[in-house]
2 protein chains.
Amino acid sequence: MKKPIPFETGCHQCTVRMHSVFNVLQGDQLVEMNMYKSCNVYKKGQYVFAENGLPTGLFCVNSGKVKITTTGYDGKEQILRLAKSGDIVGYRALISNERYASSAVTLEDASICVIDKDYFFKVMESTPKLMFEVVKKISQDLKTAEDHIVSLSQKNVRERMAEALLFLKATYGLEEDLQTIQVNLTREEIADYVGTSTESCIRLLSEFNQDKIIALSGKKIKITNLPLLIQTANIED
Amino acid sequence: MKKPIPFETGCHQCTVRMHSVFNVLQGDQLVEMNMYKSCNVYKKGQYVFAENGLPTGLFCVNSGKVKITTTGYDGKEQILRLAKSGDIVGYRALISNERYASSAVTLEDASICVIDKDYFFKVMESTPKLMFEVVKKISQDLKTAEDHIVSLSQKNVRERMAEALLFLKATYGLEEDLQTIQVNLTREEIADYVGTSTESCIRLLSEFNQDKIIALSGKKIKITNLPLLIQTANIED
DNA sequence: CCTTAAACATGATTTTTGTCATGTTTTATT
DNA sequence: AATAAAACATGACAAAAATCATGTTTAAGG
């Protein structure tokens, strides 16, 4: 029993749009955008775009979760950003008119639209409000990146690990139990975000588990003692 | 014998402007901008804006060098960005409509203009090209920040220190001898950029000095063996 | 369902880096 | 010029974290 193929609803009816930079577009602009966008389905683990490729459009996540990673030294992967429904991805290289410096890979099955590059630039130019939404989005990402820099520079691995769990909670939210972080990452992926070795990551999660800060079952991480986790992250109030 | 007070030349004649995001403005726009900007002189070590303050305008560095720093944990300073002539500073908080998350402090005597906040937003809205220049600038800063994240996550202190010297060279250039990095930072400031302790920073610079990679005299750092420095930074080709 | 690879886990060891201590040099200020 | 305060420097030690090794569990693919 397969799911029926959904109607191609178009940008008008797209509920995700309202939580994206495109919330400022209206009426005819949406009809037009619809003509320059296409929507694709991705299986977990698939590349949306890859390092070194040339951008041909802007990606907008409809559903599913995406990691933005770059290959560091000795091929070690670094997770730079995490995206979810409503987020645009692949904008940095597009705007700078460069090849991708990072890759986007789905963390679960996803549906992602592509908006044609030339059209995107045109509508940005004609709609200052849209461009300003983009400016604000990049500014936010810059803030997040700079917070990460401070953390990497000044905190130890234990603190960063606790911080990362809080970051995942803030980014992807919790399941119905209000405790379980709503994303499945391997220990290696968490390590690639935290900036540590996989072993250290595993060890620290085990420690947090023993300390009753979290509860582990498979890839699921349940935050059982939020105040203690915040304290472990050493976050100022 | 004092220097004569220079004519208030205005944005028309400003040569720095051509290397800034404002290079896209023309004619009347420059006359208008002149009415909404003021220029200030700063002594070395002065604050241009301070963490937690409210932005009232956009700063544009005329001459002099500026560090953008934030206070991390236990009050430890983190250098996030370095600015020079033609760079805009204080844009992140302004655009996000937030209080400053970082401070800007001059590294030497400087002359810096402020462009009124409301006017800046108005001219951005009416001049897509200007806003796009801003988008590109922030995108670049994001790229720089993310490169720094990879470095902090994956490289050891020695490699990061070598990388930092190359970064300073790229940012501020070299003196006439084509070897001396054109900026004076204390060892502590370098450490606050690299993400290490002051002692480790001092030690590594001494080592590089012994290894004939650099030559030290006071705060001046001369790169005497660039290939070896690049190799020490472990940068891929 | 079985097989294989990936992911998870943990101990032992080594390397890296921070911290503490102490002394010297440079710079700024009266 | 004298004095104080930064800034620079280096050794000794401790702490943190990576690496190596090895084994178990879980998940994926034929």
Side-chain angles (χ1 to χ4, degrees), chain A residues 43-46 67 72-79 105 107-109 151-164 183-211 214-221 232 234, chain B residues 43-46 67 72-79 105 107-109 151-164 183-211 214-221 232 234:
Chain A
K43 288 228 158 279
K44 175 179 175 176
Q46 276 192 312
K67 63 174 176 180
Y73 315 97
D74 309 309
K76 187 168 163 54
E77 183 173 306
Q78 177 70 39
I79 294 185
V105 178
L107 293 169
E108 53 186 53
D109 292 357
S151 179
L152 286 163
S153 290
Q154 302 195 6
K155 287 188 167 179
N156 61 36
V157 178
R158 188 184 176 84
E159 291 166 331
R160 293 210 304 274
M161 180 64 59
E163 210 173 46
V183 66
N184 293 326
L185 294 172
T186 65
R187 306 292 195 261
E188 189 175 8
E189 284 171 325
I190 298 174
D192 289 343
Y193 172 80
V194 171
T196 187
S197 65
T198 307
E199 293 95 325
S200 291
C201 175
I202 290 170
R203 237 181 280 269
L204 281 166
L205 286 179
S206 297
E207 276 179 42
F208 289 178
N209 190 35
Q210 275 163 21
D211 297 349
I214 61 174
L216 297 171
S217 79
K219 297 208 193 332
K220 290 288 174 198
I221 299 172
T232 304
N234 188 19
Chain B
K43 287 227 159 278
K44 176 179 174 175
Q46 276 193 311
K67 63 174 175 181
Y73 315 97
D74 308 310
K76 186 169 163 55
E77 182 173 308
Q78 176 70 39
I79 295 186
V105 178
L107 293 169
E108 54 186 52
D109 293 358
S151 178
L152 286 163
S153 291
Q154 303 196 4
K155 287 188 167 180
N156 61 34
V157 179
R158 187 184 177 83
E159 290 167 332
R160 295 210 302 275
M161 180 64 58
E163 210 173 46
V183 65
N184 292 327
L185 295 172
T186 65
R187 306 291 194 261
E188 189 175 9
E189 284 172 325
I190 297 173
D192 289 344
Y193 172 81
V194 170
T196 188
S197 64
T198 307
E199 293 95 326
S200 291
C201 176
I202 290 170
R203 235 181 281 269
L204 281 166
L205 286 180
S206 297
E207 276 179 42
F208 288 179
N209 191 33
Q210 276 163 20
D211 298 350
I214 61 173
L216 298 170
S217 78
K219 298 211 194 329
K220 290 289 174 197
I221 299 172
T232 304
N234 188 19

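First the proteins, then the strands, lettered A, B, ... as listed; each starts at 1.
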J.: Taking salt bridge (charged side-chain N to carboxylate O under 4.0 Å, His left out) as the test, write out the residues that go with A:Lys44, two or more places apart.
T.: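 Counting only residues at least two positions away or on another chain, A:Lys44 forms no salt bridge (charged side-chain N to carboxylate O under 4.0 Å, His left out).
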J.: Reading nucleotides 23-28 of chain D 5' to 3', which nucleotides get B (base under 4.0 Å from a protein heavy atom), which S (sugar-phosphate only), which -?
T.: ------
J.: Only pairs under 3.5 Å count here: list side-chain donor-acceptor contacts from residues 193-201 of chain B, not counting sequence neighbours, and write none if there are none.
T.:
unit_1	atom_1	unit_2	atom_2	d
B:Ser197	OG	B:Ser200	N	3.2
B:Ser197	OG	B:Ser200	OG	3.0

J.: Rounded to the nearest angstrom, tell me the gap between atom CZ in B:Arg158 and atom P in C:dT15.
T.: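 Distance check: B:Arg158 CZ to C:dT15 P gives 16 Å.
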J.: Name all residues meeting the side chain to side chain donor-acceptor pair (under 3.5 Å) criterion together with A:Arg203; count only those two or more places apart in sequence or in a different chain, and write none if there are none.
T.: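 Once residues adjacent in sequence are excluded, A:Arg203 has no partner under the side chain to side chain donor-acceptor pair (under 3.5 Å) criterion.
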J.: Would you mind reading off the distance between A:Tyr73 atom OH and D:dA18 atom P, rounded to a whole angstrom?
T.: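 So the two atoms are 17 Å apart, to the nearest Å.
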J.: Which protein N or O atoms sit under 3.5 Å from an N or O of nucleotides 9-13 of chain D?
T.:
unit_1	atom_1	unit_2	atom_2	d
D:dA9	OP2	B:Arg187	NE	3.1
D:dA9	OP2	B:Arg187	NH2	3.1
D:dT10	OP2	B:Ser206	OG	3.1
D:dG11	N7	B:Arg203	NH1	3.1
D:dG11	O6	B:Arg203	NH2	3.2

J.: Just report the end-to-end axis angle for the helix from C:dC1-D:dG30 to C:dT30-D:dA1, five pairs per end, to 10 degrees.
T.: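 Nearest ten degrees gives 60° for this helix.
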J.: Rounding to a whole Å, what distance do you find between B:Met161:CE and C:dT17:P?
T.: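 Those two atoms, CE and P, are 10 Å apart.
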J.: If we only count heavy atoms from C-beta on, is the B:Gln46 to B:Val105 side-chain gap below 4.5 Å?
T.: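 No. Closest side-chain heavy atoms not under 4.5 Å.
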J.: To the nearest Å, how far apart are B:Lys43 NZ and C:dA28 P?
T.: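 B:Lys43 atom NZ is separated from C:dA28 atom P by 12 Å.
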J.: Could you tell me the separation between the CG atom of B:Leu204 and the C1' atom of C:dT16, rounded to a whole number of Å?
T.: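 For the pair B:Leu204 CG and C:dT16 C1', the rounded distance is 11 Å.
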J.: Please pick, from D:dC8, D:dA18, C:dA7, the nucleotide with the shortest atom-to-atom distance to any side-chain atom of B:Thr186.
T.: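 From the listed options, D:dC8 comes nearest.
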J.: How long is the line joining CZ of B:Arg160 and C1' of C:dG18, in whole Å?
T.: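 So the CZ-C1' distance, B:Arg160 to C:dG18, works out to 12 Å.
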J.: Looking only at side-chain N and O atoms, does B:Thr198 come under 4.0 Å of OP1 or OP2 in D:dC8?
T.: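 For D:dC8, neither OP1 nor OP2 has a side-chain N or O of B:Thr198 closer than 4.0 Å.
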J.: State plainly whether the residues B:Glu77 and B:Lys67 are in salt-bridge range, i.e. N to O under 4.0 Å.
T.: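 A salt bridge links B:Glu77 with B:Lys67.
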